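Have a look at the structure below, then the notes.
Indexing begins at 1, ligand by ligand and atom by atom, following the structure's order. This structure is a prediction, so every number in the text was calculated from the model and none was measured.
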Amino acid sequence: DHGLSEADPEVRAIIDKEKGRQFRSLELIASENFTSRAVMEAVGSCLTNKYSEGLPGKRYYGGNEYIDELETLCQQRAIAAFHVDGKNWGVNVQPLSGSPANFEVYTAILNPHDRLMGLDLPHGGHLSHGFMTPKRRVSGTSIYFESMPYRLDESTGLVDYDMLEKTAILFRPKLIIAGASAYPRDFDYPRMRKIADAVGAFLMMDMAHISGLVAASVVADPFEYCDIVTTTTHKSLRGPRGGMIFFKKDPVLGVDLESAINNAVFPGLQGGPHNHTIGGLAVCLKHAQSPEFKAYQNKVVSNCGALASRLIELGYKLVSGGSDNHLVLVDLRPLGIDGARAEKILDLASITLNKNSVPGDKSALVPGGIRIGSPAMTTRGFTEKEFAAVADFIHEGVQITLEAKRLVSGSKLQDFMKFVASPDFSLMDKVSD
Ligand code: PLP
């Protein structure tokens, strides 16, 4: 049996190139991180070979004594890492990732076409929270359930809880979803709980982006107010790619969440769990209980604060005016450029971040902002000083983007580019034959 270099030099070479890219670049994508060597070892282990459909002690295959031990340990660590009482909360650590975890919750507690409300994607929500456009139901969530997204107050960049309340009273959702992919502030869980109670809805928090911050208690605790909490495991939590669903053990609105959710994961939507991921997750959740992890998460937030302050000093407009967590959302529209061009130019300089829609945007393909996150470079040892320098680098990239736009507009090159795209150019093609 050969190692990868011998067995498949082609794949080895691609991995090496990606490793080089990760090593070289300023990794500022808010949903990414660098997991530990220990987690990678578990993920690359023999655990990947085993089938173990079912839950610990109740499997459909033999040979699961060690897998049972592992999954039970992972569950116990998950409960401990998020400081919840195992008498009141249970967890399923089998979801393959964040989107499946969310869909598993929906199918567990809703009937097809029941109503739900999540934060709209152009305002920072995630696809899996029910995204749809006026023309198309884009996400499976909006195809199989009736979605009525809530939005931000565009003047403040904060969730418009008053509008959420009014809409919920009219729409009567069975589920309200807190959580986001591009929201720089905490959610007001007490307010959302009140709204959910007023309309008889479940309240779920998708803490994917901030689960590391929640484990380290550097942001508000969703477990105090929510019935269900889902998460990915590979973002601020710094684990392997995967998902988890936490649920209250006592019935909520007459539903036994424990059996409904466990059954929705398997056999409802998944088959065999990815035991190598569960192994990596167990390692991550042990680390998440350590003082170093808490110090790391504090740095994630203070580094993001330093980045935000410097960007504000440089004159940038941040959605909501700043950040309480690990990300900032920069509105580039006042400068007359879009996030797509800035992302491209910054990428050329190995500064990796992503274009992002900002409230009021017309197009999702050419959105007006960029999202910048601090978790990954904090893992790489950056402090507030380096993050202030990162803001300066981004500023340079934005200046270059502006300059490029200025050079091209009104130039012969722009005319030429229009010509290349026109039917006349294809005629020229024929002439040259
Ligand atoms: N939930 C939120 C809030 C996210 O930001 C994401 C991913 O970015 C997900 C769920 C989905 O996770 P995955 O990509 O693992 O399906």
Exercise for the section: Determine whether the aromatic ring centres of Phe266 and Tyr60 lie less than 6.0 Å apart. Expected result: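 Distance test on ring centres: under 6.0 Å, yes.
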Handout entry: Check: Tyr183 ring centre within less than 6.0 Å of His209 ring centre
Key =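 Distance test on ring centres: not under 6.0 Å, no.
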Exercise for the section: Report the part of His209 (side chain from C-beta onward, or backbone N, CA, C, O) that has a heavy atom under 4.0 Å from ligand 1; answer both or neither where that applies. Expected result: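 The side chain, only.
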Suppose I only count heavy atoms of [X] and a 4.0 Å limit; which atoms of ligand 1 are within that range?
X      : result
Thr232 : 12 (O), 15 (O)
Ser181 : 2 (C), 3 (C), 4 (C), 5 (O)
Ala180 : 3 (C)

Practice task
Describe, in one word, how the ring planes of His126 and His129 are oriented to each other, choosing from parallel (under 30°), tilted (30 to 60°) and perpendicular (over 60°).
Solution key: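 Aromatic pair His126/His129 classed perpendicular.
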Practice task
Give me the ring orientation class for Phe82 and Phe246: parallel if the planes are under 30° apart, tilted from 30 to 60°, perpendicular past 60°.
Solution key: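 Phe82 vs Phe246 ring planes: perpendicular.
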Practice task
Kindly indicate whether the side chain of Met204, heavy atoms from C-beta on, has any atom under 4.5 Å from the side chain of Tyr106.
Solution key: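 A side-chain contact under 4.5 Å exists here.
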Handout entry: Distance, nearest 0.5 Å, that separates CZ of Arg241 from CG of Leu281
Key =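 Rounded to the nearest 0.5 Å, the CZ-CG separation comes to 13.5 Å.
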Problem - Asn102 and Thr141: side chain donor to acceptor below 3.5 Å - result: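 There is no such pair between these side chains.
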Problem - Closest protein heavy atom (residue, atom, distance) for atom 10 (C) of ligand 1 - result: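 Protein heavy atom with the smallest distance to atom 10 (C) of ligand 1: Asp206 OD2, 3.3 Å.
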Handout entry: Heavy-atom nearest neighbour in the protein, as seen from atom 15 (O) of ligand 1, with distance rounded to 0.1 Å
Key =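 Looking only at protein heavy atoms, the one closest to atom 15 (O) of ligand 1 is Ser97 OG, 2.4 Å.
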Problem - Non-hydrogen atom of His234 closer than 4.0 Å to ligand 1 - result: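 Right, His234 reaches ligand 1.
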Problem - Lys235 heavy atom under 4.0 Å from ligand 1 - result: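 Contact present.
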Problem - Nearest option to atom 14 (O) of ligand 1, as decided by whichever heavy atom of Gly125, Ser99, Gly242 sits closest - result: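 Going through Gly125, Ser99, Gly242 one by one, Ser99 has the nearest heavy atom to atom 14 (O) of ligand 1.
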